[in-house]
2 protein chains.
Amino acid sequence: MPEPALELLKGTLDLLILRTLELRPMHGSAIAERISQVTHGAFQVKAGSLFPALHRLEQEGWIEGEWRESKEGRRVRSYTLTRDGRRQLAVEKKTWARIVQATNALLESA
Amino acid sequence: MPEPALELLKGTLDLLILRTLELRPMHGSAIAERISQVTHGAFQVKAGSLFPALHRLEQEGWIEGEWRESKEGRRVRSYTLTRDGRRQLAVEKKTWARIVQATNALLESA
DNA sequence: CGGCGTTATATAGAATATCTATATTGGACT
DNA sequence: AGTCCAATATAGATATTCTATATAACGCCG
């Protein structure tokens with residue numbers, strides 16, 4: 001049986017979204033789908049978390065949204081990582097690395 | 001200069017506390033001090049986070065507190081990991097490993 | 001002895017982020 | 001037209017950490 005999806009650690013969603021948009025511009029639902037695929041279902045970002053987060057990131061100037069027509073003819077809001085967003089992503093990657101390192105130090109300490 | 005302390009990701013404090021008590025019984029302030037030392041100051045658990053968390057963990061039956069006299073003659077509440085606490089610690093270790101794995105998958109994906 | 005600083009614990013209230021549940025829109029398909 | 005689904009939106013609930021403040025008890029020092 002597949003492992004159940006995990007609750008996101010509060011504070012990690014920005015990193016997941018920014019990192020996904022680093023690859024290419026994408027609309028909200030596609031971001032969520034890709035996160036689920038790459039993590040083999042471990043992270044399933046809920047719509048009620050995703051869209052407010054996208055609005056927040058856009059407010060911060062880290063992503064830029066634009067209404068488009070998807071291939072299937074749907075109205076979607078496509079998001080692009082901005083220059084500031086790349087900078088922020090770098091910061092969050094470093095922070096994440098420090099968190100993992102510190103936590104592992106604790107888990108492995110004698 | 002030393003790196004600044006990190007904000008804790010919400011949801012990780014239980015793991016840090018339970019893991020620390022796995023080594024030996026300890027009182028609250030000693031737990032915080034050890035976490036800070038082992039992580040080289042990356043995690044500095046605030047008193048306002050620590051003590052409510054200890055109460056919560058005791059409510060859950062994962063740790064057991066007992067008033068004692070410390071060597072310095074201070075009144076401290078010493079906490080011991082219970083059997084259920086060990087089980088919970090194992091669960092949280094696995095969850096943490098899955099979170100790290102999933103996040104790394106995302107960060108390293110092409 | 002009395003004041004002062006320090007350690008240990010406690011707790012209320014603020015801030016923040018995610019989740020649940022519900023709503024709206026527009027297109028496709030019958 | 002009616003139904004279904006994908007995509008986006010948002011209000012309210014929940015949970016956890018942080019800030020700020022408080023109390024108690026001990027040691028130190030003038």
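A quick note: this is a predicted structure, and the numbers were derived from the prediction, not measured. So you know, we letter chains A, B, ... as the sequences are listed, proteins then strands, and number each from 1. In what follows, every heavy atom counts, from backbone to side chain, and hydrogens, waters and symmetry copies are set aside.
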What are the atom names and distances for every N/O pair under 3.5 Å that joins the protein to nucleotides 25-30 of chain C?
residue : atom : partner : partner atom : Å
C/dG26  : N2   : A/R74   : NH1          : 3.3

Considering only nitrogen or oxygen atoms on both sides, find all protein atoms under 3.5 Å from nucleotides 14-17 of chain C and state each distance.
residue : atom : partner : partner atom : Å
C/dT16  : O2   : B/K10   : NZ           : 3.0
C/dA17  : O3'  : A/G11   : N            : 3.4

> Rounded to whole angstroms, how far apart are CE on B/M26 and C1' on C/dA8?
Replying inline: 16 Å
>> Could you go through B/E58 and B/R77, starting from their C-alpha distance and side-chain angles, then the distance that decides it, and tell me whether this counts as salt bridge (Lys or Arg N to Asp or Glu O under 4.0 Å)?
In response: CA-CA 12 Å; B/E58 189 168 17; B/R77 190 157 174 85; 3.0 Å; yes
> If you round to the nearest 0.5 Å, how far is CZ of A/R68 from OG of A/S78?
Replying inline: 5.5 Å
> For A/W62 and A/L81, which heavy atoms make the closest approach, and how far apart are they?
Replying inline: O-CD1, 3.6 Å
>> For a quick test of reading the model, state the closest non-hydrogen atom pair linking A/I99 to B/F43 and the distance between them.
In response: O-CZ, 3.9 Å
> Does any pair with a residue in residues 96-110 of chain A pass salt bridge (Lys or Arg N to Asp or Glu O under 4.0 Å), and if so which ones, sequence neighbours excluded?
Replying inline: A/R98-B/E3
> Side chains of A/S49 and A/L8: closer than 4.5 Å at any heavy-atom pair?
Replying inline: no
> Quick one: are A/T103 and B/T12 in side-chain contact, heavy atoms under 4.5 Å?
Replying inline: no
>> Quick check on A/Q59: does its CD atom have over 12 non-hydrogen neighbours (other residues, nucleotides or ligands) under 6.0 Å away?
In response: no
>> A side-chain contact here means heavy atoms from C-beta on lying under 4.5 Å apart; do B/T80 and B/E66 qualify?
In response: no
> Given side chains that start at C-beta, do those of B/T39 and A/L106 come closer than 4.5 Å, heavy atoms only?
Replying inline: yes
>> Could you check whether any side-chain heavy atom of A/R19 comes within less than 4.5 Å of a side-chain heavy atom of A/L89, counting everything from C-beta outward?
In response: yes
> Which nucleotide of DNA chain D is the first, and which the last, in the 5' to 3' direction, to come under 4.0 Å of a heavy atom belonging to chain B?
Replying inline: D/dT16 to D/dC26
> Between residues 29-48 of chain A and DNA chain C, which residues have a heavy-atom gap below 4.0 Å?
Replying inline: A/K46, A/G48
>> One pair to check against side-chain contact (heavy atoms from CB on, under 4.5 Å): B/L15 and A/L107. What are the steps and the verdict?
In response: CA-CA 9 Å; B/L15 173 62; A/L107 292 179; 4.0 Å; yes
>> In whole Å, I'd like the distance from the CG atom of B/L54 to the C1' atom of C/dA8.
In response: 12 Å
> Any idea which heavy atoms bring B/V38 and A/S109 closest together, and the distance?
Replying inline: CG1-CB, 3.9 Å
>> If I take atom CG in residue B/L50 and atom C1' in nucleotide C/dT9, what distance separates them, rounded to the nearest angstrom?
In response: 9 Å
>> For a 4.5 angstrom cut-off between non-hydrogen side-chain atoms, does B/M26 reach B/T20?
In response: yes
>> In this structure, how many angstroms lie between the P atom of C/dA23 and the CZ atom of A/F51, rounded?
In response: 18 Å
> By a strict heavy-atom criterion of less than 4.0 Å, which residues belonging to residues 87-106 of chain B are in contact with DNA chain C?
Replying inline: none
> Which heavy atom of A/G65 sits nearest a heavy atom of A/Y79, and at what distance?
Replying inline: CA-CD2, 3.5 Å
